[in-house]
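These notes are about the structure you will find just below.
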Amino acid sequence: MAGSGETVSNKHVLFKNYVSGFPKESDMYVASTTTELNVPDGCNNGVLVKNLYLSCDPYMIVLMKKSIDPRTFTPYTPGSPLRGYGVGKVLDSRHPGFKEGDFVWGTVGWEEYSLITSFQPFFKIQDTDVPLSYYTGILGMPGMTAYFGFYQVCSPKNGERVYISAASGAVGQLVGQFAKLMGCYVVGSAGSKEKVDLLKNKFGFDEAFNYKEEPDLNAALGRYFPEGIDIYFENVGGKMLDAVLPNMRSRGRIAVCGMISQYNLDKPEGVFNLMTVVYKRVRIEGFVVTDYYDQYPKFLDFVLPCIREGKIKYMEDVSEGLENGPAALVGLFSGQNVGKKLVVVARE
């Protein structure tokens, strides 16, 4: 019984050791301990959560590296569970903002049950007429990243020309659809024919291409944007960013969301066309979604009606079972996912 102190088995995905390059499944392992189904005495404001869905996100590879700047990120601790965004159900609470039975999303451990003592971020789910798994994606961190990155960082205007790299992922698929709602011309790139077809036929992009089939990215972008790019939503970095810069229009904007091509490199690639930023007056701005969490209600007011009215399409790539979490996360970095990658721990 929830909150009764019953002792249950608690399966975890534990981090083995710091990685160099891409992570492997062997860099993580699954083990079980026991957990009491109540918040321990002395844990004021603690919340015990049964995890339902876990989000696989590219930033997690950064936390696996010992070389990251501790002023910016807190790396994973060997022997401890991975942590990331997830959706769960409150089993016991000593926090005034959460009660037993509440559904929540925020940062949790990769485990069946998590004791939450830090609430940055941690949100109560009010709207349950949409799938709870959506709060790992379109209604959670990736959705907010797409929304605020596009509407606030990019400052779009009707009819502008928008390019999105890694466009079939959790963020890219949404940015493209937001841009179409603005009346923009939208092109995305992805790494397979299946993903390219999805961009055009499901998500409504005007054009899309497989970057792996383009020997000259600069020339490819010139074909799709003969008049140049107004907005580039950057998810890849490296050679892609270098090809985009000469194709930017005067006073274009680049929102730097991530650089997945660089996460596995011990020595990041250089960018050589930066002088175009000067003479084309291009604005490049990085952003972190946590800066916008105080505006979550504003985001929901926009996105929930779009989902309910069918204005936005959304695609998930689901792995069943916590024991399949390592494979799901590793597959993210080789492009195996089609849509938002998540792991089902338990279904409610």
Side-chain angles (χ1 to χ4, degrees), residues 1-19 23-57 59-61 63-64 74-95 97-125 131-133 135-136 140-141 318-332 341-348:
M1 180 177 175
S4 67
E6 176 188 354
T7 299
V8 297
S9 175
N10 190 6
K11 189 183 298 180
H12 316 264
V13 175
L14 302 174
F15 180 51
K16 185 175 289 185
N17 211 341
Y18 298 108
V19 306
K24 306 179 295 295
E25 288 184 50
S26 59
D27 294 317
M28 297 159 273
Y29 61 102
V30 178
S32 294
T33 60
T34 58
T35 295
E36 289 190 3
L37 294 186
N38 62 353
V39 176
D41 290 338
C43 187
N44 296 329
N45 288 330
V47 175
L48 181 70
V49 171
K50 177 182 179 180
N51 292 318
L52 304 176
Y53 304 97
L54 299 175
S55 177
C56 298
D57 295 301
Y59 79 88
M60 296 174 73
I61 191 177
L63 306 183
M64 294 182 170
T74 301
Y76 292 140
T77 301
S80 294
L82 274 66
R83 63 182 182 275
Y85 288 93
V87 173
K89 185 176 184 179
V90 174
L91 299 184
D92 190 26
S93 175
R94 298 193 180 190
H95 190 290
F98 304 96
K99 65 181 187 300
E100 180 183 335
D102 285 344
F103 291 106
V104 293
W105 75 269
T107 301
V108 299
W110 272 42
E111 54 202 356
E112 292 177 289
Y113 302 94
S114 290
L115 178 62
I116 308 301
T117 57
S118 175
F119 298 89
Q120 298 297 325
F122 208 66
F123 298 94
K124 182 187 296 187
I125 294 173
L132 287 173
S133 61
Y135 289 90
T136 67
M141 181 275 290
V318 178
S319 291
E320 295 277 350
L322 188 59
E323 64 278 3
N324 293 312
L329 184 59
V330 169
L332 191 69
K341 188 66 190 178
L342 63 110
V343 176
V344 178
V345 182
R347 293 187 183 272
E348 183 64 39

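Positions are given from 1, in the same order as the sequence printed here.
- Residues D27 and M64 form no side-chain contact, since every pair of their non-hydrogen atoms from C-beta on lies 4.5 Å or further apart.
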Problem - Verdict with reasoning, V90 to V104, per side chain to side chain contact (heavy atoms under 4.5 Å, CB included) - result: CA-CA 7 Å; V90 174; V104 293; 3.9 Å; yes
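- Nearest heavy atoms, V330 versus K24: CG2-C, 3.6 Å.
- Evaluation of the salt bridge (charged side-chain N to carboxylate O under 4.0 Å, His left out) test over residues 76-85, restricted to residues two or more places apart or in two chains, returns none.
- Rounded to the nearest 0.5 Å, atoms CG (L48) and CD1 (I116) are 8.5 Å apart.
- When all heavy atoms of P121 and Y85 are compared, the closest pair comes out as CG-CE2, 3.6 Å.
- Residues forming a ring pair (Phe, Tyr, Trp, His ring centres under 6.0 Å) with Y113 (at least two apart in sequence, or on another chain): none.
- Across all their heavy atoms, P75 and Y18 have their closest contact at CB-CE2, 4.1 Å.
- Every residue was checked against the side-chain hydrogen bond (donor to acceptor under 3.5 Å, both in side chains) condition with S93, not counting sequence neighbours, and none meets it.
- Under 3.5 Å, the side chains of S26 and K16 contain no donor-acceptor pair of N or O atoms.
- Annotation: the span from L54 atom CG to L82 atom CG amounts to 9.5 Å, rounded to 0.5 Å.
- To the nearest 0.5 Å, the span separating CE on M141 from OG1 on T136 amounts to 9.0 Å.
- Take S80 and apply the side chain to side chain contact (heavy atoms under 4.5 Å, CB included) test, not counting sequence neighbours, and it matches T77.
- Partners of T35 under the side-chain hydrogen bond (donor to acceptor under 3.5 Å, both in side chains) rule, at least two apart in sequence or in another chain, are N10.
- Note: L329 CG to I61 CD1 = 8.5 Å, rounded to the nearest 0.5 Å.
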Problem - Stepwise salt bridge (Lys or Arg N to Asp or Glu O under 4.0 Å) test for E323 and K11 - result: CA-CA 8 Å; E323 64 278 3; K11 189 183 298 180; 3.5 Å; yes
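- Rounding to the nearest 0.5 Å places CD1 of I125 at 5.5 Å from CG of L132.
- Residues S118 and T107 are not in side-chain contact: their nearest non-hydrogen atoms beyond the backbone lie 4.5 Å or more apart.
- Not counting sequence neighbours, the partners of K124 by the salt bridge (charged side-chain N to carboxylate O under 4.0 Å, His left out) test are D102.
- Between Y59 and G84, the closest heavy-atom pair is OH-CA, 3.5 Å.
- Residues forming a salt bridge (charged side-chain N to carboxylate O under 4.0 Å, His left out) with E25 (at least two apart in sequence, or on another chain): none.
- Closest of all the heavy-atom pairs between V343 and A328 is CG2-CB, 3.8 Å.
- Remark: V318 pairs with E316, E320, L342, V344, R347 by the side chain to side chain contact (heavy atoms under 4.5 Å, CB included) rule, at least two apart or across chains.
- With sequence neighbours excluded, the residues that form a ring pair (Phe, Tyr, Trp, His ring centres under 6.0 Å) with F98 are H95, F119, F122.
- A heavy-atom distance below 4.5 Å is not found between the side chains of W110 and V345.
- Atom CD of E100 and atom CG of L91 lie 7.0 Å apart (nearest 0.5 Å).
- Considering only residues two or more places apart in sequence or on other chains, N51 meets the side-chain hydrogen bond (donor to acceptor under 3.5 Å, both in side chains) condition with S114.
- For T33, the side-chain hydrogen bond (donor to acceptor under 3.5 Å, both in side chains) criterion is met by H12, not counting sequence neighbours.
- Residues in residues 36-51 take part in these salt bridge (charged side-chain N to carboxylate O under 4.0 Å, His left out) pairs, two or more places apart or across chains: D41-R94.
- For the pair L14 and P81, the tightest heavy-atom approach, listed with the atom from each and the gap, is CD2-N, 3.4 Å.
- Counting only heavy atoms from C-beta outward, the side chains of L115 and V47 never approach each other to under 4.5 Å.
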